[in-house]
Number of protein chains: 2
Amino acid sequence: MEDIDRKIVALLMRDGRMSYTDLGKSTGLSTSAVHQRVRRLEERGVIRGYSVVVDHEAVGLPLTAFISIKPIDPSQADDSPDRLAGVPEIEACYSVAGDESYILKVRVGRPADLEDLLARIRSSANVTTRTTIVLSTPYENRPMTA
Amino acid sequence: MEDIDRKIVALLMRDGRMSYTDLGKSTGLSTSAVHQRVRRLEERGVIRGYSVVVDHEAVGLPLTAFISIKPIDPSQADDSPDRLAGVPEIEACYSVAGDESYILKVRVGRPADLEDLLARIRSSANVTTRTTIVLSTPYENRPMTA
DNA sequence: TCTTCCTGTCGATGTCCTCCACGTGTGCAC
DNA sequence: GTGCACACGTGGAGGACATCGACAGGAAGA
């Protein structure tokens with residue numbers, strides 16, 4: 001990937017609503033040229049979409065946790081992501097190497113909600129869980145460096 | 001937070017570049033009214049900013065890992081986030097309850113880069129590390145449900 | 001050299017953002 | 001009830017921006 005594309009992506013990570021005009025000024029290109037590049041980045045799948053950065057406390061989900069899961073029956077089909085896809089509290093699911101098979105990142109409102117969520121995860125995916133509570137988040141989703 | 005604000009946030013999580021006109025149509029409000037609400041959400045800090053969703057493989061960072069860190073000297077000042085803030089490979093830093101003190105999410109290009117990164121983390125923060133390699137990411141940063 | 005492809009600039013058009021003036025409903029003091 | 005303040009909505013006007021097409025220049029290969 002070219003250097004200028006990398007710069008465009010880095011700029012958009014900092015401000016996803018930046019106008020093409022401003023992107024052009026920051027990269028030394030014309031508006032149309034930037035527009036074309038962004039469209040190509042979208043087509044190639046480098047840019048998958050745009051999103052908003054939300055304060056989770058403010059939207060009523062102040063409690064974050066990581067849940068590592070392990071199948072109870074090691075011979076069972078490994079389809080936990082599908083089984084858990086419908087659980088809205090799960091923000092991310094990573095297949096990992098190591099003792100456990102997946103790490104989930106979840107957000108809930110209160111400890112009681114977490115308890116309830118764990119029960120749902122265990123029963124719907126037939127797994128054991130190991131939960132790590134997040135106390136604070138110094139930083140998250142930091143933008144790439146140019 | 002109001003129901004309609006929640007809907008606006010949910011819509012923007014799905015498409016952070018959605019126009020105020022379209023947001024208005026989806027929420028049954030006029031363009032100006034939506035605009036006002038979004039501005040208030042930004043002022044209150046509910047909306048912290050806008051960003052782009054990037055395919056990390058496409059930008060040359062296909063290897064993701066979680067690194068749990070623990071201070072070597074338990075009596076030392078607990079300022080790891082500050083010490084590590086300058087390391088660009090670290091995308092997120094969570095202070096967690098449990099045996100370890102922080103979980104870092106990192107992205108690098110190759111295993112050798114991870115080795116190098118781990119050395120830098122250990123020396124600059126004076127910590128021991130436990131690394132969990134991500135094999136695949138079924139989903140990540142899923143939008144809230146309305 | 002000529003062709004082709006890629007990537008850029010420039011200009012025109014329609015859409016959207018942005019702001020301002022104004023209307024409406026609610027709660028409160030009088 | 002009346003008057004007022006306030007929060008929140010609508011609608012319109014203007015300027016900025018996105019979007020598209022036509023065209024220019026440079027690089028690589030025949």
Side-chain angles (χ1 to χ4, degrees), chain A residues 1-62 109 141-146, chain B residues 1-62 88 109 140-146:
Chain A
M1 200 174 71
E2 279 182 64
D3 211 49
I4 198 153
D5 283 339
R6 201 175 300 276
K7 186 163 184 183
I8 290 173
V9 170
L11 285 166
L12 283 174
M13 284 184 107
R14 277 179 183 70
D15 179 9
R17 296 205 78 149
M18 204 169 175
S19 78
Y20 294 114
T21 309
D22 289 346
L23 278 175
K25 282 174 189 161
S26 302
T27 52
L29 261 60
S30 74
T31 307
S32 314
V34 172
H35 194 212
Q36 238 176 115
R37 280 181 178 270
V38 170
R39 195 162 33 215
R40 269 198 295 272
L41 287 168
E42 288 169 356
E43 277 166 10
R44 277 192 282 151
V46 179
I47 292 179
R48 287 229 280 257
Y50 301 88
S51 189
V52 68
V53 183
V54 168
D55 182 336
H56 294 93
E57 301 203 11
V59 297
L61 298 171
N141 282 117
R142 291 204 304 177
M144 292 194 330
T145 43
Chain B
M1 203 173 68
E2 277 182 65
D3 212 46
I4 200 155
D5 283 339
R6 202 175 301 274
K7 186 163 186 184
I8 289 173
V9 169
L11 285 165
L12 282 174
M13 283 184 109
R14 277 178 183 70
D15 179 8
R17 297 205 77 152
M18 204 170 175
S19 77
Y20 294 114
T21 308
D22 289 346
L23 278 174
K25 281 173 189 161
S26 301
T27 52
L29 260 59
S30 72
T31 307
S32 316
V34 172
H35 194 213
Q36 234 177 117
R37 278 179 180 271
V38 170
R39 198 162 32 215
R40 269 198 293 273
L41 288 168
E42 288 169 357
E43 277 166 9
R44 277 193 281 152
V46 178
I47 291 178
R48 287 229 280 256
Y50 301 88
S51 190
V52 67
V53 183
V54 168
D55 182 338
H56 294 92
E57 301 205 10
V59 297
L61 298 171
E140 190 175 18
N141 282 116
R142 293 204 303 177
M144 293 196 328
T145 42

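Sequence lines set the chain letters: A, B, ... in the order given, protein chains first and strands last, and positions in each chain run from 1. As the structure is a prediction and not an experimental result, all values here were calculated from the model.
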Separation of dC22(C) atom P from Q36(B) atom CD, nearest Å, is 16 Å
Check whether any side-chain heavy atom of L11(A) sits under 4.5 Å from a side-chain heavy atom of T27(A), and report yes or no. yes
If I take atom CZ from residue R17(B) and atom CE from residue M18(A), how far apart are they, to the nearest 0.5 angstrom? 10.0 Å
Can you check whether V54(A) reaches L12(B) side chain to side chain, under 4.5 Å on heavy atoms? no
Evaluate the side-chain proximity of V53(B) to N141(B): yes if any heavy-atom separation is below 4.5 Å, no if none is. no
Start and end of chain A contact along DNA chain D [non-hydrogen atoms, under 4.0 Å]: dC17(D) to dC20(D)
Sub-3.5 Å donor-acceptor pair from the side chain of T21(A) to the main-chain atoms of T31(A), do we have one? no
Atom CD1 in I47(B), atom CD1 in I8(B): separation rounded to 0.5 Å? 8.0 Å
Between V59(B) and R6(A), which heavy-atom pair has the shortest distance, and what is it? O-NH1, 3.2 Å
Please tell me which of V34(A) and K25(B) maps to the more 5' nucleotide of DNA chain C, matching each residue to the nucleotide holding its nearest heavy atom. V34(A)
I'd like a table of donor-acceptor pairs (distance under 3.5 Å, sequence neighbours excluded) in which one partner is a side-chain atom from residues 33-43 of chain A, with atom names and distances.
from: R37(A); atom 1: NH1; to: D5(A); atom 2: OD1; distance (Å): 2.9
from: R37(A); atom 1: NH2; to: E2(A); atom 2: OE1; distance (Å): 3.4
from: E42(A); atom 1: OE2; to: Y50(A); atom 2: OH; distance (Å): 2.6

Do any N or O atoms of the protein come closer than 3.5 Å to N or O atoms of nucleotides 17-20 of chain C, and which pairs are they?
from: dC17(C); atom 1: OP1; to: Y20(B); atom 2: N; distance (Å): 2.8
from: dC17(C); atom 1: OP2; to: Y20(B); atom 2: N; distance (Å): 3.3
from: dC17(C); atom 1: OP2; to: T21(B); atom 2: N; distance (Å): 3.3
from: dC17(C); atom 1: OP2; to: T21(B); atom 2: OG1; distance (Å): 3.1
from: dT18(C); atom 1: OP2; to: H35(B); atom 2: NE2; distance (Å): 3.1
from: dC19(C); atom 1: OP2; to: R39(B); atom 2: NH1; distance (Å): 3.4
from: dC19(C); atom 1: N4; to: S32(B); atom 2: OG; distance (Å): 3.2

